[in-house]
S.K.: 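Please see the structure below; I have some questions.
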Amino acid sequence: MTDLTQNSLTPSEAGDPERSDFVRELVSEDLDNGRFSRGIQTRFPPEPNGYLHIGHAKAIVLNFSIARENGGVCVLRFDDTNPATEDQRYVDAIVEDIEWLGYTPNSINYSSDYFPQLYEWAEMLISKGLAYVDDQSAEEIAEQRGGFGRPGIESPYRDRKPGENLKLFREMKDGVHPEGSCVLRAKIDMQHENMQLRDPVMYRIRDQHHYRTRDTWKIYPSYDWAHGQGDALEGVTHSLCSLEFSDNRALYEWYLRQLPLEGEAPYQTEFARLELTYTVTSKRRLKELVDDGHVAGWDDPRLPTLRALRRRGYPASAIREFCAFVGVSRTNSRHDIELLESFVRTELNRTAQRRMAVLRPLKLVITNWPDDENGKPVVEHRTLANNPENHDDGTRKVPFSRDLWIEQDDFRMEPPPKYFRLSPGTEVRLRGGYLVTCTEAICDEAGNPLEVHCTYDPATAGGSAPDGRKVKSTIHWVDASNAVDGSVALYERLFKEKVPGETTGDPLDDLDPNSLEILQGCKFEQSLSGVAPSEVVQFERLGYFAADSEAHGHFHRTVGLRDEWARLQKQK
RNA sequence: UCGGGGAUGGUGUAAUUGGCAACACAACUGGUUCUGGUCCAGUCAUUGGGGGUUCAAGUCCUCCUCCCCGAACCA
């Protein structure tokens, strides 16, 4: 069973009987027909040769949800049949990411655990005349496989006697044959229209160190010869994989049919993998971005990897809900990244506490602000709600005095049409503070404002005027004498195009060189120095920001708030 | 070229399995608001194309078009 102690279940995740899909329909039919005498079991079978991304999240959510909805279990199995590329560090990272996503596998298994059983079964197939050792090179075998609409031809070694095959196969296992000198092939049908059935390779020789089985094996099973068998051994009922394995299904079934298994065999069903606009989700492409230094690492917040999204502040629950919402189908599709972002905003709007931060500071001086008995400007403490969406989050006191920081964007010497913020002569509200009117601005020679002077209306403490007059805008601020300095990383999409590489064939051509902007000298309200690592808060009027897990005073922009003003400007 | 799969608004997913094309995102109008946020109201598709069956077709039949996957000792 899954354990979601860290992340509570949302209604849509708890299973919406109104909504179904073709996979769930299959499962309930099997349940109705009593197809399996064992309980429903699914599995998530990553190869430990890379990090999990949002596409994997869809598969994880699907597999765990289907198990949970039907009172079954979901296991994690590392498909580690290729010693050349796999590593323990990926295993650890994958386990960690799944846990963060909110799931606990019923068990953690490895295809390599089944190497002995697989070997035994292979000998059995050889004895039955269903597999043979082929001494040809990879090129020759590929050549003989034929092509689309072109039948293959049989290997000259195809009719070797079982006894000879057995001897050779044992020699392969014992390391007497060098890498590449021969393989074990299933004897199926070289004329079959499905290329997967043209005597597929079951074992190849690899004189390599395997991260788990060490040096005990010289031969390694291929994906097809390991996958369905692992499913069967574990008791999986529904083996869900992505569309490109459709043709492998026949082979999956062929292998299972040859083995002495008890009970109904698992069966494979394919679904479309998740794609998102403005990003890439292929292992090769992601690896390229990291290895070539286009991003800082596998957890660079611009990447769609789970560790990157986590670092960026995406709540696991938002990812789960997104995955559940997009559903499963067999149609190749690409979802708007905006949909994911909207799930993130919805969740964060509910849960993130509000704080004030000025990213590009401009000094604002209240010229009629009173001094105290020592001749220093009075410091008041204004009370602000931590989250207007959730009153249980309470309030906090924020210092307010004569000298403040406001956002450069919130002041214009000459306001364009529909600009509601501060400019000479206009009155705005300082959120939770007072109404202020701009009297003048001091500018440099180029005309850039250096300091804005305002007067405040003492009768508007808290932000509302007793005479009922309205202001067009409320802006945020940070008291200058109490401000905490910090930095912020602003992320844009990594790629400029919806489908990276669509026109040139290479996603790298569509990389946006300005996808990361780091701002130093940001001014944070005091309480922000107490934010826990990785916690996400809303900087009012700006967006959601996640505190870095290590660097104190550094925030990552998770996602901006929807911005009507930016939209208006873009329309022009 | 052969085999497998797919096609419903700008995007994605639905449609009681032959009965008023729904939901979300995006976009656009307007309203509310001490966040140009949130929230609320409204607008936005006759289902890839042709033919057929039927009182009735997104759903069934038929022809066509387009797209994706498959010829690793990768998974």
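Note that the structure is a prediction, hence the values are computed from the model and not measured. In what follows, every chain begins at residue 1, and chains take the letters A, B, ... in the order their sequences are listed.
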S.K.: Between B/rG36, B/rA26, B/rG12, which one does the side chain of A/His335 approach most closely?
M.R.: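 It is B/rG12.
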S.K.: Heavy atoms only: give me the nearest A/Met190-A/Ile153 pair and the separation to one decimal.
M.R.: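 In terms of heavy atoms, the two residues are closest at CE-O, 3.3 Å.
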S.K.: Are any of the side-chain nitrogens in A/Arg77 or A/Asp231 under 4.0 Å away from the carboxylate oxygens of its partner?
M.R.: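 Salt bridge between A/Arg77 and A/Asp231, a charged N being under 4.0 Å from a carboxylate O: yes.
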S.K.: If you compare every side-chain N and O of A/Arg541 against the phosphate oxygens of B/rG36 (OP1, OP2), does one of them come in below 4.0 Å?
M.R.: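 Yes, such a contact exists.
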S.K.: Does B/rC25 have its OP1 or OP2 closer than 4.0 Å to a side-chain nitrogen or oxygen of A/Arg345?
M.R.: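 Indeed not, no polar side-chain atom of A/Arg345 lies that close.
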S.K.: Got a salt bridge between A/Glu275 and A/Arg273, using NZ or NE/NH1/NH2 to carboxylate O under 4.0 Å?
M.R.: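 A salt bridge is absent here (no side-chain N lies under 4.0 Å from a carboxylate O).
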S.K.: Would you call the rings of A/Tyr110 and A/Phe78 parallel, tilted or perpendicular if under 30° counts as parallel and over 60° as perpendicular?
M.R.: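 Parallel.
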S.K.: Would you indicate, yes or no, if B/rG12 has its OP1 or OP2 atom less than 4.0 angstrom from a side-chain nitrogen or oxygen of A/Ser329?
M.R.: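 So the side chain of A/Ser329 is outside the cut-off, no N or O lying under 4.0 Å from OP1 or OP2 of B/rG12.
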S.K.: Of all residues at least two apart in sequence or in a different chain, which pass the side-chain hydrogen bond (donor to acceptor under 3.5 Å, both in side chains) check with A/Tyr119?
M.R.: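 For A/Tyr119 the side-chain hydrogen bond (donor to acceptor under 3.5 Å, both in side chains) partners, ignoring immediate neighbours, are A/Glu123.
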S.K.: In plain terms, say whether A/Arg204 and A/Glu179 are close enough for a salt bridge, that is, a side-chain N and a carboxylate O under 4.0 Å apart.
M.R.: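 Looking at A/Glu179 together with A/Arg204, the answer is no, because their closest N to O distance does not fall below 4.0 Å.
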S.K.: Taking 4.0 angstrom as the limit, do A/Glu270 and A/Arg249 come out as a salt bridge?
M.R.: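 Salt bridge: yes.
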S.K.: According to a strict under-4.0 Å criterion, is A/Arg330 in side-chain N/O contact with OP1 or OP2 of B/rG6?
M.R.: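 Yes.
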S.K.: Salt-bridged, A/Arg541 to A/Asp563, with N to O below 4.0 Å?
M.R.: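 Here A/Arg541 does not pair with A/Asp563 in a salt bridge, since their nearest N and O are not under 4.0 Å apart.
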S.K.: Does a distance-only test, which skips hydrogens and angles, find a donor-acceptor pair under 3.5 Å between the side chain of A/Arg354 and the base of B/rU35?
M.R.: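 Yes, a donor-acceptor pair under 3.5 Å.
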S.K.: Hunt down any stem RNA chain B takes part in, defined as 3 or more consecutive Watson-Crick or G-U pairs whose two distances are each under 3.5 Å.
M.R.: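 When the pairs of RNA chain B are grouped into runs of at least three, the stems are B:2-7 with B:65-70, B:10-13 with B:22-25, B:27-31 with B:39-43, B:48-52 with B:60-64.
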S.K.: Going 5' to 3' along nucleotides 66-75 of chain B, which nucleotides have protein heavy atoms under 4.0 Å from the base (write B), which only from the sugar-phosphate (write S), and which from neither (write -)?
M.R.: --SSBBSBSB
